[in-house]
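Here is how names work: the chains are called A, B, and so on, in the same order as the sequence lines, proteins then strands, and each is numbered from 1.
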Protein chains: 2
Amino acid sequence: MNYNKLTKILADRGLKITPQRVAVLEVLYEIRNHPSAEEVRQKLHSKYPSIAIGTIYNILDTFCENGIIKKVKTDSDFVRYDVDMENHHHIYGLNNNLIQNYHDEELDKLLKEYFAKKGIPNFQIKEFSLQIIGQYTNDQNQTKQK
Amino acid sequence: MNYNKLTKILADRGLKITPQRVAVLEVLYEIRNHPSAEEVRQKLHSKYPSIAIGTIYNILDTFCENGIIKKVKTDSDFVRYDVDMENHHHIYGLNNNLIQNYHDEELDKLLKEYFAKKGIPNFQIKEFSLQIIGQYTNDQNQTKQK
DNA sequence: ATGTCTGCAAAAGCTTTGCAAGTAC
DNA sequence: GTACTTGCAAAGCTTTTGCAGACAT
């Protein structure tokens, strides 16, 4: 993702273009693996040794408010952030603490139709998010990244 | 839930029967609405003004380890606990911060069959948990309980 | 009697906040 | 020039930990 694309994302939301914001956004698109605020800071450290953790939280909050990223909660962990804003599901790897996004329109359709038919009393569904929990069985995903 | 039933749950796991553990367990079955540690402490206050918050965390952890309760994570919130140990899904009310359990065997079957057919490469699924996010449309569920 | 549990308080870890200085527009 | 943003440090909040005394078995 080049500089112009990144700044456009900010400008489109009327956000001021600061080097810190651009750098954080770049890292988010680079990592893509649901980093925590602390992981963002570490990744940024070579480029931006001076950036404050408070500023990173601040920027991530701003991005959330402006629909650039989403928060993702995991079990017994801290907050992680996700640049993927399309509706999607999550695969939780118990053996490597990895969270992967799972896109599947067929599944979305299946769920939508199921609840259109079945319904929940006094409740208007806005969205679904399926958590798929299990074990990775290959080697390339064994990296611990807690 | 009477005293004997509560103590049996503890005894079955080889846990010592202490008044604090029984009281916490009783409250969990009484509330059933995914309380936080702090909410448990408040609910317990009339019966047990002296119980320490550290002890509550301690007890809740022990219960988790022994399969009596589960942790539930919510977006931008603290940990909540759930006595419902059967596989189930969660309904998140955006307008009242309520989390309800949703049991649906038909849905479980649907998901199981879908992924049996479709599969995820290099991944062995252990369980599913669907988050159903939306708004309650009636009045009786409007109580804020954050 | 012994090993476990509780209460208390302090500490830890993630996140938020306040404010002065700096920066984007 | 003005309003917003950053850096820094302190504070806040939930959760964990250490230890002495108490309790269940």
Side-chain angles (χ1 to χ4, degrees), chain A residues 3-4 6-25 27 34-42 44-45 47-66 68-81 97 146, chain B residues 3-4 6-25 27 34-42 44-45 47-66 68-81 97 146:
Chain A
Y3 183 80
N4 285 342
L6 294 170
T7 54
K8 184 169 185 322
I9 292 172
L10 299 175
D12 282 352
R13 270 91 174 173
L15 296 173
K16 289 193 177 166
I17 316 283
T18 69
Q20 293 88 343
R21 283 180 177 170
V22 176
V24 168
L25 193 55
V27 164
H34 311 87
S36 63
E38 183 54 30
E39 278 165 351
V40 170
R41 196 189 60 73
Q42 281 171 21
L44 230 51
H45 193 260
K47 208 175 291 178
Y48 245 97
S50 69
I51 197 165
I53 189 73
T55 301
I56 292 177
Y57 277 105
N58 195 346
I59 289 174
L60 290 171
D61 269 6
T62 307
F63 286 180
C64 284
E65 281 164 18
N66 287 275
I68 298 172
I69 60 174
K70 266 186 183 171
K71 288 188 180 187
V72 183
K73 276 274 178 175
T74 75
D75 279 353
S76 56
D77 229 354
F78 22 71
V79 180
R80 303 218 207 160
Y81 300 87
N97 206 42
K146 166 114 186 186
Chain B
Y3 184 80
N4 285 342
L6 293 170
T7 53
K8 184 168 186 324
I9 293 173
L10 298 175
D12 282 352
R13 271 89 175 174
L15 296 173
K16 290 195 176 166
I17 316 282
T18 69
Q20 292 88 343
R21 282 180 177 172
V22 176
V24 168
L25 193 54
V27 164
H34 310 87
S36 63
E38 183 54 30
E39 276 166 352
V40 171
R41 195 189 60 73
Q42 280 171 23
L44 231 50
H45 192 261
K47 206 175 292 179
Y48 246 97
S50 69
I51 197 166
I53 188 72
T55 302
I56 292 177
Y57 277 105
N58 196 345
I59 290 174
L60 291 171
D61 269 6
T62 307
F63 286 180
C64 283
E65 282 163 19
N66 287 275
I68 298 173
I69 60 174
K70 266 186 184 172
K71 288 189 181 186
V72 183
K73 276 276 179 176
T74 75
D75 280 352
S76 55
D77 229 353
F78 22 71
V79 180
R80 303 219 206 158
Y81 300 87
N97 206 43
K146 162 113 188 187

Which part of the nucleic acid, if any, lies within contact of [X], taking any heavy atom under 4.0 Å across all strands shown: a base, the sugar-phosphate backbone alone, or nothing?
{"X": "B/T62", "answer": "nothing"}
{"X": "B/S36", "answer": "nothing"}
{"X": "B/T55", "answer": "base"}

Could you tell me the separation between the [atom1] atom of [X] and the [atom2] atom of [N], rounded to a whole number of Å?
{"X": "B/E39", "N": "D/dT14", "atom1": "CD", "atom2": "P", "answer": "11 Å"}
{"X": "A/R41", "N": "C/dG13", "atom1": "CZ", "atom2": "P", "answer": "14 Å"}
{"X": "B/N66", "N": "C/dC5", "atom1": "CG", "atom2": "C1'", "answer": "14 Å"}
{"X": "B/I53", "N": "C/dC5", "atom1": "CD1", "atom2": "P", "answer": "19 Å"}
{"X": "A/N58", "N": "D/dA9", "atom1": "CG", "atom2": "C1'", "answer": "15 Å"}
{"X": "A/Y48", "N": "D/dT5", "atom1": "OH", "atom2": "C1'", "answer": "11 Å"}

Looking only at side-chain N and O atoms, does [X] come under 4.0 Å of OP1 or OP2 in [N]?
{"X": "B/S50", "N": "C/dG7", "result": "yes"}
{"X": "A/Q20", "N": "C/dT23", "result": "no"}
{"X": "A/Y57", "N": "C/dT16", "result": "no"}

- Main-chain N/O of A/S36 paired to A/E39 side chain as donor or acceptor, under 3.5 Å: yes
Of the nucleotides [options], which has the atom closest to the [X] side chain?
{"X": "B/R21", "options": "C/dT6, D/dT15, C/dT15", "answer": "C/dT6"}
{"X": "B/I17", "options": "D/dA24, D/dT6, C/dT16", "answer": "D/dA24"}
{"X": "B/K16", "options": "D/dT25, D/dG7, C/dT15", "answer": "D/dT25"}

- Among B/T62, B/T55, B/N58, B/I68, which residue meets the side-chain contact (heavy atoms from CB on, under 4.5 Å) test with B/R21? B/T62
- Task: Heavy atoms only: give me the nearest B/K71-B/Y81 pair and the separation to one decimal.
- Result: CG-CE2, 3.9 Å
